[in-house]
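Both counts, for ligands and for their atoms, begin at 1 and track the order of listing. Residues take their numbers from the sequence shown, with the count starting at 1.
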Amino acid sequence: MNPHQTLAILGGRPAISRPMTPAPAMDEHDVQAVTSVIRDGVLSGYIGAPGEAFLGGPRVRAFERQCASHFGVRHAVAVNSWTSGLVCAVGAIGIEPGDEVITTPWTMAATATAILHWAGIPVFADIDRQTYNIDPRSVERLITPRTKAVIAVDIFGQSADMRALRALCDRHGLKLLSDCAQAPGALHHGAPAGTLADIGGFSFNYHKHVHCGEGGVIVTDDDRMARRLQLIRNHAEAVVSSDDPVELSNLLGHNFRLGEMEAAVASVQLPRLAGRVAMRQAAAAALDAGLADLPGLSTPAVLPGNTHAYYIYALQVDTVRLGVSRARLLEALRAEGVPGLVGSYQNLHLLPLFRHRIAYGTGGFPWKGAPGGDSSVTYGPGLCPVAEDLHARSFLGLAMGQFAHAPQDVAEIVQAFRKVWAQLDQLRCAVPEAA
Ligand SMILES: *Cc1c(COP(=O)(O)O)cnc(C)c1O
């Protein structure tokens, strides 16, 4: 391909002229797995009352054993989404209304709303400019006597600095949770992502590396936590006979149970995880090689000790150097047919819910009215300068789930980038625009 062909955004032929779609994720094994559940006729094996069925049906329990062995943990607790898993995890560690939990603004909203779910108060630490993960130094500055836990997120597919966070949490007596929805199969100093916190977990939502529709799994080595997770998942209040307020806390009427069909599909999917991660790593290596020499474009940094699962291939553009705005670059790349482009990421601390501190009704609870006094935690611009800067200016992501990872797909994406970069002057003159 001649990189000097007219840019598609200016009326030329797109570099990628076919629609790019994800590789098929399901095959006959998934069909057979679901079919066998339907033939058995019991689509959920749970009962919300004491007895064996309290812990779910045969496929759910088999899937949990499979996950525990796959991730090398004592306990795996299957749930109907990782959002539910996060709610279980925050509840299990015994969060009280008004307790502060520090997390990152660069994550899916569920990480933070799980804290609010138990009337805890999310506190947002800034992120690391290279990895987009929570910055332990920022966490340390935010610890107060009300802080009870930290939720790290392995955003885009590589682990946060779990050694530093573990040391920090141990020093201050905090629980450490880990949201690894985007990083199943990644390693951190040889250990699987998700296993480096008190409680970790993964999503099996359609958009994740392996999926069963909706679903998730929580992993932990802590026996007591595992029991509490199982209780919160399934109407604990109807089962528990304790009189101890600590043991009774947060055991409140939920149904987060995974169905047998989803568990059956997830069981078939899990063994495919390693292969899918390897495909993404090969695709990322080819993208690195094809894009590294383009000026004003930085390819993802993988920190020593980490392997990356590449949920998103995260680039940064230096728009001042290029003299072209990120929005214009995105338009040009999209016109060339590049799939999965994302031009910014979440800044949860700027969501209206947080800025106005309105969650339960309109009275400001839990920031107001929680035991322990009103909270001084506020949200808004300026709180997380690195996250805000990346969001506003330089971050440019490629959602790796939006295309297949065959060498040909990746080669075409590289060509599209190179074509746009070869003709940046066209973008500069076509529409005069501030960088
Ligand atoms: C997908 C995702 C979730 C939520 O998982 P669901 O299974 O969709 O509920 C939470 N956190 C992160 C970082 C995610 O990417």
*Between the main-chain N or O of Ala109 and the side-chain N or O of Thr113, is there a donor-acceptor pair closer than 3.5 Å?*
yes

*Protein residue, atom and distance nearest to atom 11 (N) of ligand 1, heavy-atom basis*: Asp179 OD2, 2.7 Å

*What atoms in ligand 1 come closer than 4.0 Å to a heavy atom of Gln182?*
13 (C), 15 (O)

*Under a heavy-atom criterion of less than 4.0 Å, does Gly215 contact ligand 1?*
yes

_If you take the centroid of each ring, where Trp contributes its six-membered ring, are Trp118 and His254 closer together than 6.0 Å?_
yes

*asked:* Starting from atom 1 (C) of ligand 1, what is the nearest protein heavy atom, named by residue and atom, and what distance separates them?
replied: Lys208 NZ, 1.5 Å

_For atom 3 (C) of ligand 1, what is the closest protein heavy atom, and at what distance to 0.1 Å?_
Met108 SD, 3.2 Å

_Among Thr131, Asn133, Asp161, exactly one meets side chain to side chain contact (heavy atoms under 4.5 Å, CB included) together with Leu303. Which residue is that?_
Thr131

*State the atoms of ligand 1, each with its element, that fall below the 4.0 Å cut-off from a heavy-atom position in Ser81.*
7 (O), 9 (O)

*asked:* Under a 4.0 angstrom heavy-atom cut-off, which atoms of ligand 1 come close to Thr107?
replied: 13 (C)

*Within the structure, does Ser203 bring an N/O atom to less than 3.5 angstrom of an N/O atom in ligand 1?*
yes

*Please list all pairs passing the ring-ring contact (aromatic ring centres under 6.0 Å, His included) test where one or both residues lie in residues 136-170, with sequence neighbours left out.*
Tyr132-Phe156, Phe156-Tyr345, Phe156-Phe395

*Report yes or no: does Asp30 contribute a side-chain atom to a donor-acceptor pair with the main-chain N or O of Gln269 at less than 3.5 Å?*
no

*Side-chain heavy-atom pair Leu329, Val420 within 4.5 angstrom cut-off*: yes

*Among all protein non-hydrogen atoms, which one is nearest to atom 9 (O) of ligand 1, and what is the separation to 0.1 Å?*
Thr83 OG1, 2.5 Å

*How close does the nearest protein non-hydrogen atom get to atom 8 (O) of ligand 1, and which residue and atom is it?*
Asn205 CB, 3.6 Å

_Pairwise side-chain contact, His188 with Gln158, heavy-atom cut-off 4.5 Å (strictly under)_ = no

